[in-house]
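For reference, the structure discussed in these notes is given below.
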Number of protein chains: 2
Amino acid sequence: MKPTIKDIAAKTNLSIATVSRVLGHKQGTYSAKAEAKVLQAARELGYRKNTVAVELVKKRADVLAVIINATPTNFSTDIIDGIQERAGQLGQQVIILYAGNREAPLQHQAINTALQRNVSGILLVAIEPDATDRELLQAAQVPFCFVSLNLDDQNIKSVSSNNHDLAYQATEYLIAHGHTRIGLAGIDDYHTGRQRLAGYQAALANHQIMADPAWVQRGNYSYQAGQAALSPYRSLGVTAVLAASDMVAAGLLTAAQGQHLTLPQDLSIVSIDGTIICDITTPALTSVTQDFREIGRQGVNRVMGQAAQTIIPVTLTERASVAELDQLETK
Amino acid sequence: MKPTIKDIAAKTNLSIATVSRVLGHKQGTYSAKAEAKVLQAARELGYRKNTVAVELVKKRADVLAVIINATPTNFSTDIIDGIQERAGQLGQQVIILYAGNREAPLQHQAINTALQRNVSGILLVAIEPDATDRELLQAAQVPFCFVSLNLDDQNIKSVSSNNHDLAYQATEYLIAHGHTRIGLAGIDDYHTGRQRLAGYQAALANHQIMADPAWVQRGNYSYQAGQAALSPYRSLGVTAVLAASDMVAAGLLTAAQGQHLTLPQDLSIVSIDGTIICDITTPALTSVTQDFREIGRQGVNRVMGQAAQTIIPVTLTERASVAELDQLETK
DNA sequence: CTGAAAGCGCTAACAA
DNA sequence: TTGTTAGCGCTTTCAG
């Protein structure tokens, strides 16, 4: 039914080998006449190459698999844009596999799907691998790279912002604005969260601020986590919070407004990510902004073996969610 | 290098046929003993089935391709959740192909990629097909379905909200709240935009409101489009705007606040979509809320041939962005 | 219940 | 420059 190179061969009185050559653009191995005939026949028959067959014989698919989960955050489109851009330049197709909401079986399944198709590389976006995931990945002879997540293991490829530095910068910024009772909200208890926690603690320690452990409210980077974090802070006299993501910041902000707090006077917020969410809230959120597009691009480079373990710099974007504390009275 | 069924056959002294049968779970065609031997050998060898080979011989891939573009909106994750959920139930894998930002070549490429892999179906999420896209799709013997977009052609499968009704409801709501000078912002000039425009116009006509054409500000559903729409409205005495998406509404809202308008008193907004963006803004956005998850689920049903052309109902979610106009003075 | 053998659509030696 | 041929790894008749 669907035409194959055989049909083209029959129609042109050429061998399938010649047809394959012109369709594969093996320049110099066929005559202009053969080329013309094949191309025309292909057009007439509505021929389309069967990629599956090609992949089988070549034992290689020029495909990058991107495994991604439904993070409660919203930065993944930028990362994917970056991936797509660079992958296109390197002649790789991109297929995105979806791993649900941190659901282990779906993560395994996505990895297996990628592996079973001999993709040329796997990019794991914001995925915390469990033991099974790591085994699957290690056992296969396929390059993989964690993107927007750093496993602390120099031997495992990754591209991300420097989470320690990122939290450190944000905390320093708040301290520079007179805050000393500073919360950290919404981080998880895995690599990213722990790295950010360390940066936050380092900045506080750097200024001899004795942190109250209750200043750290864990969560999953979601809007809901931000909302939940507010009320504990109110009794702690916290004047500023570093939010683990824009979504956490937004949750914190709407919860605060629900309690009739005035921002930033009653509560300053610095957010991590710097997506468009920061512009949408009132007041706009000051953020440590990650370069997600570049993270995506470099992820491709890394998995295609063109770059070393990579840290992408962040920038601090001042908007309107931090108050200078000097002239204000701490509660 | 990578083990194949041949290796398992050699190791177990069985034929590759038998190995294939147990690995394919062709129950009743092999003995328990054979099964045990094969399974163990497979485990020991770290065998993983080569999906590409299977797809070649079966001439069929149990894969649904989802083609999606980087819409400036943000509802796609919900749709994908729904797709994934239903696809899983039907034993279909899902691969997501990314079509850039309404870029024709990338759209063709994504469609071709799907077609070249004989996927069992193609779901196009919020994709406006051009002539080439439609030809490609029609020519192939692969079921496809537009999701969150309705082409007005009863013969083409689609699942979406009723755009006419959705705009009609929103407009009626504003009229019921005393508004008569009502804008429509951010719609595109394709199917979705035109359908919503018609619904908006129908509601106005229904109340003998003579609409000023300038009340309609076109755009691409983006935050920027919302921001750009504000200033024209100020000179037109518009008291309320129906925003074509949550992002448009957010843009409108921040632009209005930038002009020191008080919302909703100075400008009421109803948004279309009802994503989490509506909760994040101040005031929260009243919206006509689409059931994106269900749209995704039904998209799978439709493409797998289990449902007819489908309209998913919407609901109006009242939040805080619409003022009752009775007791207020129109500018 | 098991094995032998024929392909799926294509590429890549190897000959001609 | 072109054709012949042998597979890629798997499923599936058809015999046994």
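From a predicted model like this one, the values you see are computed outputs, not experimental measurements. Every chain is numbered from 1 and lettered A, B, ... according to where its sequence line falls, protein lines coming before strand lines.
- Distance CD (Q116(A)) to P (dG9(D)): 15 Å, rounded to an integer number of Å.
- Dashed line: the shortest gap from a side-chain N or O of Y47(B) to OP1 or OP2 of dC10(D) is under 4.0 Å.
- There is no side-chain donor-acceptor pair under 3.5 Å between Q40(B) and R43(B).
- Going from atom CD of E135(A) over to atom CG of D130(A) covers 9.0 Å, rounded to the nearest 0.5 Å.
- Rounded to whole angstrom, the span from the CG atom of L56(A) across to the C1' atom of dG7(C) amounts to 12 Å.
- What separates NZ of K6(B) from P of dA4(C) is a distance of 13 Å, to the nearest Å.
- Backbone-only contact: N13(A) has heavy atoms under 4.0 Å from sugar-phosphate atoms and none from a base.
- In the set dT2(D), dC10(D), dC10(C), the nucleotide with an atom closest to the side chain of I5(B) is dC10(D).
- Heavy-atom distances to DNA chain C give each of P3(A) and A32(B) a nearest nucleotide, and the one nearer the 5′ end belongs to A32(B).
- Looking at heavy-atom distances under 4.0 Å, G28(B) makes contact with sugar-phosphate atoms alone, never a base.
- The nearest whole Å value for the distance from the CG atom in N50(B) to the P atom in dC8(C) is 18 Å.
- The CD1 atom of I16(B) sits 9 Å away from the C1' atom of dG3(C) (whole-angstrom rounding).
- For the pair K49(A) NZ and dT11(C) C1', the computed distance is 9 Å after rounding to whole Å.
- Taking only side-chain atoms of V57(B), from C-beta outward, the nucleotide of dC1(C), dT2(D), dT11(D) with the closest atom is dT11(D).
- For T18(A), the side-chain atoms get nearest to dT2(D) when compared with the rest of dG3(C), dG9(D), dT2(D).
- Ranking dT12(D), dA12(C), dC8(C) by closeness to the K58(B) side chain, first place goes to dT12(D).
- Whole-Å rounding puts the Y30(A) OH to dG3(D) C1' distance at 17 Å.
- Remark: S20(B) is in phosphate contact with dT11(D), judged by side-chain N or O atoms under 4.0 Å from OP1 or OP2.
- With a 4.5 Å cut-off on side-chain heavy atoms, K37(B) and V22(B) do not count as touching.
- The distance between atom CD of E35(B) and atom P of dC1(C), rounded to the nearest whole Å, is 11 Å.
- Residue R21(A) places a side-chain atom within donor-acceptor reach of the base of dG3(D), judged by atom type and a 3.5 Å distance cut-off alone.
- Here K59(B) reaches the OP1 or OP2 of dG9(C): one of its side-chain N or O atoms lies under 4.0 Å away.
- In summary, the side chains of D81(B) and Y98(A) do present a donor paired with an acceptor at a separation below 3.5 Å, with no hydrogens or angles considered.
- The side chain of L14(A) has dG3(D) as its nearest neighbour among dG3(D), dT11(C), dT11(D).
- Taking the side chain of T4(B) as heavy atoms from C-beta on, and the options dC14(D), dC10(D), dC8(D), the nearest nucleotide is dC10(D).
- Between L149(B) and V125(B), every side-chain heavy-atom pair lies at or beyond the 4.5 Å cut-off.
- Of all heavy-atom pairs between S76(B) and I68(B), the closest is CB-CD1, 3.6 Å.
- Among the nucleotides dC10(D), dT12(D), dT2(D), the one closest to the side chain of S31(A) is dT2(D).
- Here dG3(C) is the nucleotide among dG9(C), dC10(D), dG3(C) with the atom lying nearest to any side-chain atom of A17(B).
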